[in-house]
Amino acid sequence: MPRPIRATISLPALSHNLQVVRNHLQVARKGCQETTGKLFGPPFIWAVIKANAYGHGLENGIKGFGLADGLAMIDLNDAVRCREQGWYKKILMLEGFFEQADLPYLQENHITTSIHHIAQIKMLEKMPAGKPIDVFLKLNTGMNRLGFRPADCAARFQDLLALQKQGRVGKIGFMSHFASADGQPGATDEPARLMKQAIDGLPGALSMCNSAATLRYPSLALNERENWVRPGICLYGASPFDTPTETATAFGLRPAMSLKAKLLSVQHLEKGESVGYGATFTTTQNTRVGVVACGYADGYPRHAPTGTPVMVNGVRTRIIGRVSMDMLTVDLDPVPGAREGDWVNLWGQDGPHIDEVASHAGTISYELMCALAKRVPVELEE
C-alpha cells in the first residue's frame, strides 16, 4: 500500500484559471476601446506547460487548457506527445530546436519554433524545403538570456524572409521576454519600447507577455498586430507577484495542485524538549506534536522554517522543527482533537495557499509545484 500522502490535480481549476486570464484580457480590451476608440483583436493565449505542466502532468495540462489557442513548452518530446494526445492547435517551442535532427519533427508535427541564434538559421538553410516551419524571431530586450539584439532584428528578419521564399519558413513573428514585469511599475516600458522600435515596419505576430505582464499590463498585448500572451504560473492558480494586493485570490485564480498527508503519530512533549534534526525547535510549554508523512523527498521544501502554515482538521497551525526526508512535524496544540490518521493539508484548496508556503520557505510557488516527487500518488479531479 502507498504511504498516506496524496497530491490532487484539479482539471476544473486549470480550465477556470485559463478563463480568468481570457476574461482579464477582454476587460482590458473593452477599456482600451473606451479610452482610445480603437477595438483591437483579442490576444491569443499560449498556455505554458513546460516542466511537466509545472509539475501538474503534461496530459493534465493538455486537458485542462483545452480551450487555449496554443501550448508552449521547451521539450520536443513533450510537443510530439501533445500531438499524440490529440492536440491539433498550435504548439510553440520556447527555446527553439537544438540540432538538425529536430527539424523533421517540427515539420511533420506542425510545430512553431522560436529562433534566437544564428546557428538555428543555418540549420533551417540545410532543411529540405516544402514543409515550412512557422517561427518567432526572439529578441533580447533586457532579459539577457536568449535572443538577438534589437539592432540585429531587421537583418535576421531578412534571413528568415529569404527562407520563407524558399519554402523552408512559414509565418514569421516576433517575441521577447520581460525580466521584471513583476517588479516596480514601469519596468516593462523600456523592453516594450525596444521591441516596438525593432519591429516597426516589419509584418508579423507579436508575443511578449508572461503571467505578470498579462495580469498587470494587459494593454501591452493590445495593438494592431496579432498578439499572443504566454501565461504560465497564473494558470496553475498562483500569483507571479509578491504584493499583498495582487494575490492569486484577488485575481480570482484557483489552486490546481493540493498536497496532503496523514498524521503518523502524536507525541506529547514536555517543556524544554526539542524536535527533529539539529534540535532547531524547543518547546516552551507542554506540547502535542504531530508527525506527518511528508518530507523533502516528497517535494516539500526542506528549508521551510518553523511557523510555515498547515491545516489540520480545518484548523490553521504550523510546522515546527526541521523538515526531514520523509516526515515533518506540526504543532497540534491548536487542534486538540487531532489524532493519528487525520489528514494534514500542506497546501492547496483545503490548506494554506501554495504562495504562502513558498514565501515562508524563501522560495516561489513555481519551485514547489515542479518539485512534487514521483513517489507521491496523484489523484485527478475532473
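Please read all numbers here as calculations on a predicted model, not as lab measurements. Side chains are part of it too, since the values below use all heavy atoms of this structure and drop only hydrogens, waters and symmetry mates.
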Before accepting this row, confirm whether a basic side-chain N of the pair [X]/[Y] lies closer than 4.0 Å to the acidic partner's carboxylate O.
| X | Y | answer |
| --- | --- | --- |
| R375 | D298 | yes |
| R216 | E246 | yes |
| E95 | K138 | no |
| E59 | R81 | yes |
| K131 | E108 | yes |
| R156 | D159 | yes |
| R193 | E190 | yes |
| R339 | D342 | no |

How about [X] and [Y]: do any of their side-chain heavy atoms sit closer than 4.5 Å?
| X | Y | value |
| --- | --- | --- |
| T8 | V378 | no |
| L264 | V292 | no |
| I49 | L58 | yes |
| M195 | S176 | yes |
| L137 | L160 | yes |
| N345 | V310 | no |
| C234 | V21 | yes |
| W228 | L206 | no |

Return yes if some donor-acceptor pair links the side-chain N/O of [X] with the main-chain N/O of [Y] below 3.5 Å, else return no.
| X | Y | answer |
| --- | --- | --- |
| N17 | R254 | yes |
| N313 | V315 | no |
| H360 | T306 | no |
| H56 | N52 | no |
| R318 | P305 | no |
| Q33 | R29 | no |
| R83 | N109 | yes |
| T287 | V289 | no |
| K89 | A68 | yes |
| Q100 | M123 | yes |

* Asked: Just checking, any donor-acceptor pair under 3.5 angstrom between side chains of D331 and T317?
  -> no
Have T282 and S274 got a donor and an acceptor in their side chains that come within less than 3.5 Å?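 S274 and T282 do have a side-chain donor-acceptor pair below 3.5 Å.
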* If you group Ile, Leu, Val, Met, Phe, Trp and Tyr by side-chain heavy-atom gaps below 4.5 Å, do M73 and I133 land in one group? ->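 Same cluster: M73 reaches I133 through Ile, Leu, Val, Met, Phe, Trp or Tyr contacts under 4.5 Å.
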- Message: Tell me whether F44 shares a hydrophobic cluster with L71, the cluster being built from Ile, Leu, Val, Met, Phe, Trp, Tyr side chains joined at under 4.5 Å.
- Response: yes
Worksheet item: Going through the distances and angles, do Y366 and I354 end up as a side-chain contact (heavy atoms from CB on, under 4.5 Å)?
Response: CA-CA 9 Å; Y366 305 66; I354 193 170; over 6 Å; no
**Report entry** Worked check of side chain to side chain donor-acceptor pair (under 3.5 Å) between R230 and S207
**Finding:** CA-CA 7 Å; R230 306 190 307 273; S207 178; 2.8 Å; yes
task: Using the ring-ring contact (aromatic ring centres under 6.0 Å, His included) rule, take F157 and F174 through it: C-alpha gap first, then chi angles, then the decisive distance, then the call.
output: CA-CA 9 Å; F157 179 81; F174 305 93; 5.7 Å; yes
Give a yes or no on this: more than 12 heavy atoms of other residues, nucleotides or ligands lie within 6.0 Å of atom [atom1] of [X].
| X | atom1 | value |
| --- | --- | --- |
| F98 | CZ | yes |
| L380 | CG | yes |
| D242 | CG | no |

- Parallel, tilted or perpendicular for F136 and W46, by the 30°/60° rule? perpendicular
Original post:
Could you walk me through whether D355 and S239 pass the side chain to side chain donor-acceptor pair (under 3.5 Å) check?
Top reply: CA-CA 7 Å; D355 288 339; S239 174; 4.9 Å; no
Exercise for the section: Under the side-chain contact (heavy atoms from CB on, under 4.5 Å) rule, what do H177 and L94 come out as? Steps first, then yes or no, please. Expected result: CA-CA 10 Å; H177 193 67; L94 292 166; over 6 Å; no
Margin query: With side-chain contact (heavy atoms from CB on, under 4.5 Å) as the criterion, how do I320 and T283 come out once you've worked through the C-alpha distance, each side chain's angles and the decisive distance to 0.1 Å?
Written below: CA-CA 10 Å; I320 54 176; T283 61; 5.9 Å; no
